[in-house]
Amino acid sequence: MRGPARVVIVGASAAGLTAAETLRREGHRGRITMIGAESHLPYDRPPLSKQILAGDWEPERLALRDESAYQQLDLDIRRGTAAAELDVRTKTVTLRGGEALGYDGLIIATGVRPRRPAPLANAHVLHTLDDALALRSELKRAARIVIIGAGFVGTEAAAAARKLGVEVTLVDPCPVPMARQFGEQIGKLVAAWHRDHGVDLRMNAEVVGLLDGASESGVELADGTVLEADAVLAAVGATPATDWLSGSGLTVDDGVVCDATCQAAPDVYAAGDVAKWFNPRFRALMRVEHRMNATEQAMAAARNLLGAARPFDPIPYFWTDQFDAKIQAHGHFPPGSDITITHGEASERKFIATCTQNGRTTGVLGWNMPRQLRQARALVEEATVHLGDHAR
């Protein structure tokens, strides 16, 4: 496959780099321009809230490729700049500095940006390498940190901070950590795991502001409680980086809306955290903020830009490491589904849980049981393969 003469990839991310590599591997010999808002070359993000924050790794270990690999790919990489506008009618991406880049094919891989609600405007966030290094530096001096948000990033950061000997208070409006991701039963086990490691959990709590005065500093809750803190991390989720697409002609609704092939418009595809595509396997629009999906979807988007026209219908895979627990999952865990432990014992913190919706298995989760989880994945495969075949 040769494909369009000029390809622009917006997003120097794992998804963006994978798209470029896939284009070259599939035989594309035209110009590829990659636009990245950060000054760094593409790097791996999952370790930011774990190994980087805890000080186990240094930044160079995150690099996805060395510089010679980019020379071999023959990429025109624009670092430290961002896309400001897109016009799909004229096939033009305009950069923040005013330069206009024409394209014959476009892949959007801009990812997400951390939420910064007004009461938390001055808190740390944890999304980029610079964010992680800044927070790590502060944790070297801090005795206490308050982490607001008990999802993936918040719980992983809590574990990393405890490893550094910092006192941690974890705050969330939900009744248990990771409730939005895995429901109350698994959330209770995550809560107990963190308490066992000395984390102070404040659930069902709403933050109304940060205090930074001569007499009092910390986090103020809606009930008037003040949690003292030397550092504050806001880990309250992220939003797709789509502000530059206003007026572009694309459909944007909690991400770039795509069909089953990841196509958002003629000659325009999206991949990674920013893409909201129809997954025929689950007959659902999905936007998946996990590392493996970024790689797999970027490969699919690049091949489809070159004409493959194949639906992207994965069983998503994701994981989280917290203290010495590895929680892994395959599939889809929609709100309101039932999650039940089906193998092993929760008390031993080695088990498999199954997620079902309307009597159909949509996901499986393993806590320190990687081999058994790989076997359990077949349950999701069997329950969804006919849906995917029908949708094709």
Side-chain angles (χ1 to χ4, degrees), residues 14 18 44-52 54 56-57 61-62 64 151-153 155-156 158-160 162-163 176-197 279 281-282 286 288-300 312-334 337-357 359-388:
T18 300
D44 216 12
R45 292 189 191 274
L48 295 178
S49 56
K50 299 183 280 288
Q51 294 93 339
I52 292 293
D56 296 332
W57 290 9
R61 190 165 176 179
L62 297 184
L64 293 173
F152 281 95
V153 173
T155 50
E156 290 172 358
R162 287 298 297 139
K163 185 174 182 179
V176 292
M178 306 195 79
R180 298 179 186 87
Q181 291 80 19
F182 296 127
E184 189 166 346
Q185 183 178 14
I186 303 299
K188 287 179 179 178
L189 298 174
V190 175
W193 189 237
H194 277 259
R195 289 193 180 101
D196 287 350
H197 287 83
N279 185 335
R281 177 177 293 276
F282 295 91
M286 288 185 176
V288 178
E289 294 182 23
H290 295 295
R291 176 67 174 83
M292 289 301 295
N293 184 75
T295 298
E296 294 174 354
Q297 192 166 31
M299 294 171 65
F312 178 59
D313 60 350
I315 296 175
Y317 167 72
F318 46 101
W319 75 94
T320 179
D321 297 320
Q322 300 176 25
F323 304 106
D324 59 351
K326 180 175 282 293
I327 305 170
Q328 301 164 285
H330 294 277
H332 183 41
F333 293 75
S337 54
D338 296 318
I339 302 177
T340 307
I341 294 174
T342 53
H343 182 76
E345 295 293 336
S347 60
E348 296 178 5
R349 295 187 170 108
K350 291 189 68 174
F351 62 85
I352 300 294
T354 302
C355 175
T356 58
Q357 187 178 48
R360 182 166 57 89
T361 300
T362 62
V364 289
L365 176 146
W367 188 311
N368 287 341
M369 296 191 84
R371 182 176 61 83
Q372 295 87 342
L373 181 66
R374 286 193 294 270
Q375 297 169 348
R377 181 185 183 278
L379 297 173
V380 184
E381 178 81 28
E382 293 166 3
T384 59
V385 65
H386 298 302
L387 293 177

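Just so it is clear, the structure is predicted and the values come from calculations on it, not from any experiment.
- The structure places CG of Leu379 at 12.0 Å from SG of Cys355, a figure rounded to the nearest 0.5 Å.
- Scored by the ring-ring contact (aromatic ring centres under 6.0 Å, His included) test, His290 finds Phe152, Phe318 as partners (sequence neighbours excluded).
- Residues satisfying the side chain to side chain donor-acceptor pair (under 3.5 Å) criterion with Thr320, sequence neighbours excluded, are Glu156, Gln322.
- Residues satisfying the ring-ring contact (aromatic ring centres under 6.0 Å, His included) test with His197, not counting sequence neighbours, are Trp193, Phe323.
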Validation: residues 367-375 side-chain donor-acceptor distances under 3.5 Å, sequence neighbours left out:
{"from": "Asn368", "atom 1": "OD1", "to": "Lys326", "atom 2": "N", "distance (Å)": "2.9"}

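- Taken from CD1 in Ile52 to CG in Asp44, the straight-line distance is 10.0 Å, to the nearest 0.5 Å.
- Evaluation of the side chain to side chain donor-acceptor pair (under 3.5 Å) rule for Asp338 yields no partner, not counting sequence neighbours.
- Under the side chain to side chain donor-acceptor pair (under 3.5 Å) criterion, Gln181 pairs with no residue at all, not counting sequence neighbours.
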Which pairs of donor and acceptor atoms, one on a side chain in residues 346-354, lie under 3.5 Å apart (sequence neighbours left out)?
{"from": "Arg349", "atom 1": "NH1", "to": "Asp196", "atom 2": "OD2", "distance (Å)": "3.3"}
{"from": "Arg349", "atom 1": "NH2", "to": "Asp196", "atom 2": "OD2", "distance (Å)": "2.7"}
{"from": "Thr354", "atom 1": "OG1", "to": "Thr342", "atom 2": "OG1", "distance (Å)": "3.1"}

Exercise for review: List the steps, then state whether side chain to side chain contact (heavy atoms under 4.5 Å, CB included) holds for Leu365 with Ile327.
Suggested key: CA-CA 7 Å; Leu365 176 146; Ile327 305 170; 3.9 Å; yes
Point to revise | Evaluation steps, side chain to side chain contact (heavy atoms under 4.5 Å, CB included), between Thr384 and Arg360 | key: CA-CA 8 Å; Thr384 59; Arg360 182 166 57 89; 3.6 Å; yes
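- Annotation: salt bridge (charged side-chain N to carboxylate O under 4.0 Å, His left out) contacts of Arg162 (sequence neighbours excluded): none.
- Residue pairs meeting the salt bridge (charged side-chain N to carboxylate O under 4.0 Å, His left out) criterion with at least one member in residues 179-194, sequence neighbours excluded: Asp172-Arg180, Glu184-Lys188.
- Here the options are Thr155, Ile186, Leu189, the test is side-chain contact (heavy atoms from CB on, under 4.5 Å), and the partner is Met178; only Thr155 passes.
- Under the side chain to side chain contact (heavy atoms under 4.5 Å, CB included) criterion, Arg61 pairs with Trp57, sequence neighbours left out.
- Rounded to the nearest 0.5 Å, atoms NZ (Lys163) and CD (Gln51) are 8.0 Å apart.
- The CZ atom of Arg45 sits 11.5 Å away from atom CD of Glu289, with the distance rounded to the nearest 0.5 Å.
- The two atoms that bring Ala160 and Ser49 nearest to each other are CB-O, 3.8 Å, heavy atoms only.
- By the salt bridge (charged side-chain N to carboxylate O under 4.0 Å, His left out) test, Glu296 pairs with no residue at all, sequence neighbours left out.
- The CZ atom of Phe312 lies 10.5 Å from the CZ atom of Arg281; values are rounded to the nearest 0.5 Å.
- In this structure His330 satisfies the side chain to side chain donor-acceptor pair (under 3.5 Å) test with no other residue, sequence neighbours excluded.
- Here the closest non-hydrogen pair linking Pro334 and Thr362 is CD-OG1, 3.8 Å.
- Nearest heavy-atom pair across Gly183 and Ile339 is N-CD1, 4.2 Å.
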Review point. So Phe282 and Val380, side chain to side chain contact (heavy atoms under 4.5 Å, CB included) or not? Walk me through it.
Key: CA-CA 10 Å; Phe282 295 91; Val380 184; 4.1 Å; yes
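- The two residues Trp319 and Pro46 have their closest heavy-atom pair at CZ2-CB, 4.4 Å.
- Formation of a donor-acceptor pair under 3.5 Å by the Ser337 side chain with backbone atoms of Phe333 is not found in this model.
- Within the 4.5 Å cutoff, the side chain of Leu64 has no heavy atoms near those of the Thr18 side chain.
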